[in-house]
Amino acid sequence: MICSFLFTVLAAIIAYKIIFFLLEWRKKIEICKNMPSIGPRHWLWGHLNMFSSTAERAKLERKMLERTGAKIFVTWLGPFSPLISVCHPDTAKLLFKSSEPKSVFKPPGVYYFIKSWLGMGLLLSYDKNWERNRRLLTPAFHFDILKPYVKIYNSVADTFLKNIHQNLDSNNNVELYSLVSLATLDTMLRCAFSYEGGVQTHRSHPYAVAVKRLATLARQRHFNPLLHSEWMYSLSKSGREWKNLTDYVHKFAEEIITSRQKSLKEDPQQLDKRYLDFLDILITAKGNDGSVLSDEEIRAEVDTFLFEGHDTTASAISWAAYYLGKHPEEQQKVYEEVKNITNCEDNFTWENINNCPRLALFLKEAMRQSSSVPIIARQLTKPFEFDGFEIPAGMAVDIWIYHINNHPNVWPDNEVFRPERFLDSEVKERDPYAYVPFSAGPRNCIGQKFAQDEEKVIMARLLLRYKISLVPDFEYVPEFALVMRAENGIKLHIEERK
Ligand code: HEM
């Protein structure tokens, strides 16, 4: 009797869940019915059978944007999961201006898949916790903190340039991306964490390798609906690899925190300065009620900044170097400027950083064509209307920064590399949300100035020492993941300048 009662209750719950799921599915189909997409949706694969790499997917989407001028589109990940994306300033600005949280709550929100790695640090947190930590950490990017970092950028560049020289093959070619990753990791560790780990002395560093692999695993999981459930993922091979790698990166972050805590205990006078650097702010932070950040909160911020602070900048610098090789005439212009303002000295100063207009234009155009953070995402807490499409609360929406920065209706001749697009006279004619490599609005990138300064120093120093060209027949294939990497790395031909 009890058994049959329990069975009936269980059957009712299962039936309810199935009906609820089917109704939700029908609702999603209805919402996306007339939305532009890269092609007809397959009943099982959705759009997944139309591309085998993120580069192919982005290419198909670009073609679709050329054809339709769409401001919003949908990609079905299998039969049940529509991924809605805004891709034009008109639609994206509604989200940039809002305080909608990041898509951390459920799949297929892209940030859901990296939550167990980065924790609820500044990138993924929302509401009161985010407000508190953003307020707390903003002073770490004050002018007075950033200015002395220029010395570190130059010292990092010294080792980076030596590494290039040492890693040249017999044809004078070098794979640059991995060396840049080490350089930007070194910068981040030294500037924000007062950590001198000699990162660049190795050909690769396990942390940089782990981050690269984690980003790949997150992307693969995103596009494999079978692995969306936590349970299925934890049983899979890649789920176990994910767990091992996140354990390792968390341990790396904990070591950095412990080492700084020890050093501050031994010599508290290190804190007697007007502006504390990033890690010291976290360690000494006190809320209004005297509470400190928990160990878990500190670690989440360290994990977040280690990743956001080095991987993004590595992408920006590596792709910028690629464009130097691709456009020799632009390289020459930037080189002339850098040579003149430095008098060929091996040092790029704070004054130089703020007085290199040609380099600044070049870097902006490079980041337009290869946006280091190609996609970000939000979870709607209220309904939004994007270009006539009503999207209900609860759905995740991707913001395609790369497509916004290249949208054919916003950027004439979008495939042409033309740094003059960023002259004041042209900028003032454009929508302020048309160029958003560092996002926009309240959740914009806190490290923008830091990243731009570092980029300028590394690029200027690279140009002063080497002439760069592309390697014929090498395939430069962008990978549209959390950060825009290059599938085969970025191999460049290098000639020492006399
Ligand atoms: C070229 C380099 C960089 C690019 C293109 C970039 C881009 C971005 C973008 C697009 C966002 C918005 C993410 C979102 O809304 O989901 C963001 C946020 C963020 N970035 Fe960067 N970033 C760069 C460098 C850095 C650096 C060097 C740091 C740290 C030193 C940093 C720390 C952060 C943090 C903590 C956030 C979250 C901010 C918040 O939500 O309050 N980024 N970045």
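Note that this is a predicted model, so its numbers are computed, not measured. Every number for a ligand or one of its atoms is a count from 1 in the order of the listing.
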Take Asn352 and Thr349 through the side chain to side chain donor-acceptor pair (under 3.5 Å) test and state the conclusion after the steps. CA-CA 5 Å; Asn352 296 153; Thr349 63; 3.0 Å; yes
From CA spacing to verdict: side chain to side chain donor-acceptor pair (under 3.5 Å), Ser371, Asn405: CA-CA 8 Å; Ser371 314; Asn405 290 347; 3.1 Å; yes
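For ligand 1, the atoms lying closer than 4.0 Å to a non-hydrogen atom of Ile376 are 13 (C), 14 (C), 15 (O), 16 (O). For ligand 1 and Trp130, the ligand atoms under 4.0 Å from any heavy atom of the residue are 39 (C), 40 (O), 41 (O). In the vicinity of Met367, heavy-atom distances shorter than 4.0 Å reach the ligand 1 atoms 1 (C). Near Ile401, the atoms of ligand 1 lying under 4.0 angstrom from a non-hydrogen atom of the residue are 10 (C). Of all the atoms in ligand 1, the ones that sit under 4.0 Å from a non-hydrogen atom of Ala316 are 1 (C). Numbered from 1 in the order shown, with element, the atoms of ligand 1 that lie under 4.0 Å from a heavy atom of Phe450 read 27 (C).
Annotation: side chain of Glu308 is not in contact with side chain of Leu306 (no heavy-atom distance under 4.5 Å).
With a heavy-atom cut-off of 4.0 Å, Cys445 touches ligand 1 through backbone and side chain alike. Only the side chain of Lys102 comes within 4.0 Å of ligand 1, counting heavy atoms alone; its backbone N, CA, C and O stay farther away. Residue contacts with ligand 1, taken as heavy atom pairs separated by less than 4.0 Å, involve Phe438 via backbone and side-chain atoms alike. With a 4.0 Å heavy-atom cut-off, ligand 1 is reached by no atom of His310. When non-hydrogen atoms are compared, ligand 1 lies under 4.0 Å from the backbone of Leu122 as well as from its side chain. Under 4.0 Å from ligand 1, not a single heavy atom of Lys449 appears.
The nearest heavy-atom contact from the protein to atom 24 (C) of ligand 1 is Thr312 OG1, 3.2 Å. Scanning the protein heavy atoms around atom 36 (C) of ligand 1, the nearest turns out to be Leu123 CD1, 4.1 Å. In terms of protein heavy atoms, atom 15 (O) of ligand 1 is closest to Arg378 NH2, 2.9 Å. Atom 26 (C) of ligand 1 has its closest protein heavy atom at Gly309 CA, 3.6 Å. Annotation: atom 34 (C) of ligand 1 to nearest protein heavy atom, Ile446 CG2, 3.8 Å. Protein heavy atom nearest atom 30 (C) of ligand 1, with residue, atom name and distance: Met188 CE, 3.5 Å. At the shortest separation from atom 12 (C) of ligand 1 among protein heavy atoms lies Ser439 CB, 3.6 Å. When hydrogens are left out, the protein atom nearest atom 35 (C) of ligand 1 is Phe305 CZ, 3.4 Å; that is the closest non-hydrogen contact.
Taking the six-membered ring where tryptophan is involved, the planes of Tyr126 and Phe105 are perpendicular, since the angle between them exceeds 60° and thus also 30°. Ring geometry for Trp117 against Trp242 counts as perpendicular: the plane angle is over 60°, on a 0 to 90° scale with 30° as the lower cut. Taking the six-membered ring where tryptophan is involved, the planes of Tyr322 and Trp319 are perpendicular, since the angle between them exceeds 60° and thus also 30°. Below 30°, between 30° and 60°, or above 60°: for Phe278 and Phe305 the angle between ring planes is between 30° and 60°, a tilted geometry.
The side-chain contact (heavy atoms from CB on, under 4.5 Å) test with Ile458 singles out one residue from Glu455, Arg461, Glu454, and that residue is Glu454.
The shortest heavy-atom distance from Phe141 to ligand 1 is under 4.0 Å. Residue Gln448 places every heavy atom at 4.0 Å or more from ligand 1. Contact annotation: Glu454 has no heavy atom less than 4.0 Å from any atom of ligand 1.
Considering Pro437, Ala314, Pro374 only, the shortest heavy-atom separation from atom 10 (C) of ligand 1 involves Pro437. Between atom 16 (O) of ligand 1 and the options Phe278, Tyr111, Phe307, Trp319, the minimum heavy-atom separation is to Tyr111.
No donor-acceptor pair closer than 3.5 Å links the side chain of His202 to the backbone N or O of Ser204. A donor-acceptor pair is defined here as one N or O able to donate and one able to accept, closer than 3.5 Å; no such pair exists between the side chain of His222 and the backbone of Ala218. Judged by distance alone, with hydrogens and angles left aside, the side-chain atoms of Glu175 form a donor-acceptor pair with the main-chain N or O of Ser178 at under 3.5 Å.
Considering backbone and side-chain N/O atoms, Glu308 comes within less than 3.5 Å of an N/O atom of ligand 1. Considering backbone and side-chain atoms together, Ala451 places no N or O closer than 3.5 Å to any N or O of ligand 1. At least one N or O atom of Arg443 sits closer than 3.5 Å to an N or O atom of ligand 1. Looking at Thr304 next to ligand 1, no N or O pair under 3.5 Å apart turns up. Between Arg134 and ligand 1, at least one N/O pair is under 3.5 Å apart. In terms of polar-atom proximity, Asn444 is not counted as a contact of ligand 1, lacking any N or O under 3.5 Å from an N or O of the ligand.
A cation-pi contact links Arg221 to Tyr233, judged by a cut-off of 6.0 Å to the six-membered ring centre and 45° from its axis. Both the sub-6.0 Å distance and the 45° axial angle are satisfied by Arg430 relative to the ring of Phe422. For the pair Lys102 and Tyr111, the distance from NZ or CZ to the six-membered ring centre is under 6.0 Å and the angle to the ring normal is within 45 degrees. For Arg368 and Trp411, the positive end sits near the middle of the six-membered ring, less than 6.0 Å away and at most 45° from its axis. Under a cutoff of 6.0 Å and an axis angle of 45°, Lys449 and Trp350 form a cation-pi pair.
Remark: Ile84 CD1 to Thr75 OG1 distance equals 10.0 Å, nearest 0.5 Å.
A distance below 6.0 Å separates the ring centres of Tyr476 and Phe474.
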